[in-house]
Undergrad: 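Sharing a structure, written as C-alpha cells. Questions coming.
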Amino acid sequence: MGFETAEGPEAETEYYNFDALNIPADHPAREMWDTFWLRQNELKVKSLKLKVEERLLLRTHTSPVQIRYMETHQPPFRIVAPGKVFRYEASDASHDIQFYQIEGLVVDKNISVANLKATIETFYSKLFGKAVKTRLRPSYFPFVEPGFEGDISCVNCGGKGCSVCKQTGWLEMFGAGMVHPNVLRAGGINPNEWRGFAFGMGLDRLAMMKYKISDIRLMHSGDLRFINQF
C-alpha cells in the first residue's frame, strides 16, 4: 500500500512525546498516559542531541515518530512506526508495563476519513484472512481532530455476537483521526496546504486476537514453551 517503516528512540524527550503532539504541560490529557519519567543526570543518550533542560521519559506511545519523521521529510508520504512503548500501570491479562504499538501516518493533498477507513479495513482483512468491517466512534485524542475509537467486526463470530466480543459483534482495536493542524505545524508542515490521517493500535493485542492468546504477560515471560509455538 506504499507505506515505509519509520523508527524512533524508546527513551524520548518531553517535547516529542507530549508538547509537539498538542499535549502541553498543563493539558489534562497527559493523565491518559501513565508515564515513566527518567532521571536525566543518570543517562548518557548522545544520539538524542538533548538540551540540558529537556526532560526524558520512556515513550508512552509511538506517536513521537510522526514528529521526527515530518521534521526530516517532505510530503506526500505514508509511514508505519512499530515499536515498544511503556506505561506505569498495573499489569493483568490485557495490560502490561511494556508492550508494542504500531503507528500509521499518511500526509497528502486530498486525504479524508474515507481514506483512513479504507486503509484500516484493508489492513485487518489481510491480517485475519477474511473480510473485516470497521466502525468509527467519535472520541478525543489531542493530536487528531476529529478523533475516533475504532472497532472491527468480531473475527471470532463474524459479527454475530459471542463471548469474545461480549455479544456485540464488535471488537475495539484502534484509535485514529485526522492529524491536528498543530501537530503538522510542529513537524514543519503547512496545514493549509497538506492534511493527513493517523492511526495507532497494539501489536500485542493483534497477535492475541490472531493466535487466540489469553494473557499478554505470556509474550514477555521468556517461557520457551510459549515462544516455540510460533
Side-chain angles (χ1 to χ4, degrees), residues 3-38 45 48 50 54-72 77-92 94-107 116 119-120 123 136-137 139-151 172-187 189 196-208 216 219-220:
F3 285 80
E4 64 176 297
T5 303
E7 296 181 324
E10 293 176 2
E12 192 51 278
T13 67
E14 181 179 19
Y15 171 78
Y16 284 107
N17 197 83
F18 289 123
D19 297 336
L21 292 167
N22 203 36
I23 316 173
D26 58 352
H27 201 298
R30 283 206 183 189
E31 296 299 320
M32 296 167 59
W33 290 273
D34 301 308
T35 308
F36 282 107
W37 294 95
L38 304 181
V45 191
L48 291 181
L50 298 175
E54 286 186 296
R55 299 174 68 196
L56 286 177
L57 50 89
L58 292 179
R59 65 180 179 186
T60 58
H61 45 187
T62 48
S63 300
V65 180
Q66 291 186 28
I67 303 297
R68 290 184 175 275
Y69 190 89
M70 286 191 286
E71 286 180 338
T72 56
F77 50 71
R78 306 179 185 191
I79 64 167
V80 287
K84 187 182 291 185
V85 300
F86 307 85
R87 302 275 177 89
Y88 182 64
E89 58 183 25
S91 60
D92 56 31
S94 58
H95 298 84
D96 206 346
I97 62 172
Q98 63 176 27
F99 53 97
Y100 285 88
Q101 281 189 338
I102 185 166
E103 192 90 10
L105 173 68
V106 174
V107 176
L116 163 65
T119 300
I120 292 291
F123 168 76
L136 300 177
R137 293 176 286 106
S139 188
Y140 175 73
F141 302 100
F143 31 80
V144 290
E145 180 59 41
F148 307 101
E149 290 280 5
D151 305 327
E172 183 179 320
M173 292 294 288
F174 62 94
M178 301 300 292
V179 181
H180 197 288
N182 289 345
V183 175
L184 291 173
R185 290 190 191 97
I189 294 175
F197 67 76
F199 59 85
M201 61 190 75
L203 279 176
D204 303 76
R205 180 160 171 73
L206 286 176
M208 291 173 71
I216 190 174
M219 300 176 127
H220 304 285

Undergrad: Using side chain to side chain contact (heavy atoms under 4.5 Å, CB included) as the criterion, list what pairs up with Arg137, not counting sequence neighbours.
TA: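 For Arg137 the side chain to side chain contact (heavy atoms under 4.5 Å, CB included) partners, ignoring immediate neighbours, are Arg135, Glu149, Asp151, Glu172.
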
Undergrad: Among all residues two or more places apart in sequence or in another chain, which pass the side chain to side chain contact (heavy atoms under 4.5 Å, CB included) test with Ile79?
TA: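 Result, side chain to side chain contact (heavy atoms under 4.5 Å, CB included) vs Ile79: Glu4, Ala6, Tyr69, Leu105.
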
Undergrad: What distance do Arg205 atom CZ and Ile102 atom CD1 have between them, rounded to the nearest 0.5 Å?
TA: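 Between atom CZ of Arg205 and atom CD1 of Ile102 there are 16.0 Å.
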
Undergrad: Any sub-3.5 Å donor-acceptor pair from Asn22's side-chain atoms to Phe143's backbone N or O?
TA: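 Absent.
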
Undergrad: Only counting residues at least two apart or in another chain, list the ones meeting side chain to side chain contact (heavy atoms under 4.5 Å, CB included) with Glu145.
TA: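 Expected list: His180.
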
Undergrad: Show every salt bridge (charged side-chain N to carboxylate O under 4.0 Å, His left out) that has at least one partner inside residues 18-28, sequence neighbours left out.
TA: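 Qualifying pairs, neighbours excluded: Asp19-Arg30.
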
Undergrad: Name all residues meeting the ring pair (Phe, Tyr, Trp, His ring centres under 6.0 Å) criterion together with Phe36; count only those two or more places apart in sequence or in a different chain, and write none if there are none.
TA: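 Tyr88.
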
Undergrad: Does a side-chain heavy-atom distance below 4.5 Å link Pro82 with Thr62?
TA: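 No. Closest side-chain heavy atoms not under 4.5 Å.
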
Undergrad: Are Arg59 and Glu12 within salt-bridge range, i.e. N to O under 4.0 Å?
TA: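 Salt bridge flag = no for Glu12 with Arg59.
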
Undergrad: Give a yes or no on this: more than 12 heavy atoms of other residues, nucleotides or ligands lie within 6.0 Å of atom CD of Glu7.
TA: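 No.
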
Undergrad: Which distance, rounded to the nearest 0.5 Å, do you find between the CG of Leu57 and the CG of Asn17?
TA: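 Here the rounded value is 4.5 Å.
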
Undergrad: Quick check for you: to the nearest 0.5 Å, what is the distance between Glu14 atom CD and Trp37 atom CH2?
TA: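 Answer for the CD-CH2 pair, Glu14 versus Trp37, is 4.0 Å.
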
Undergrad: Can you name the side-chain hydrogen bond (donor to acceptor under 3.5 Å, both in side chains) partners of Arg78, sequence neighbours left out?
TA: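 By the side-chain hydrogen bond (donor to acceptor under 3.5 Å, both in side chains) rule, Arg78 matches no residue at all.
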
Undergrad: Could you state the interatomic distance from CE (Met219) to CG (Asp96), rounded to the nearest 0.5 Å?
TA: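 If I round to the nearest 0.5 Å, the distance is 10.5 Å.
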
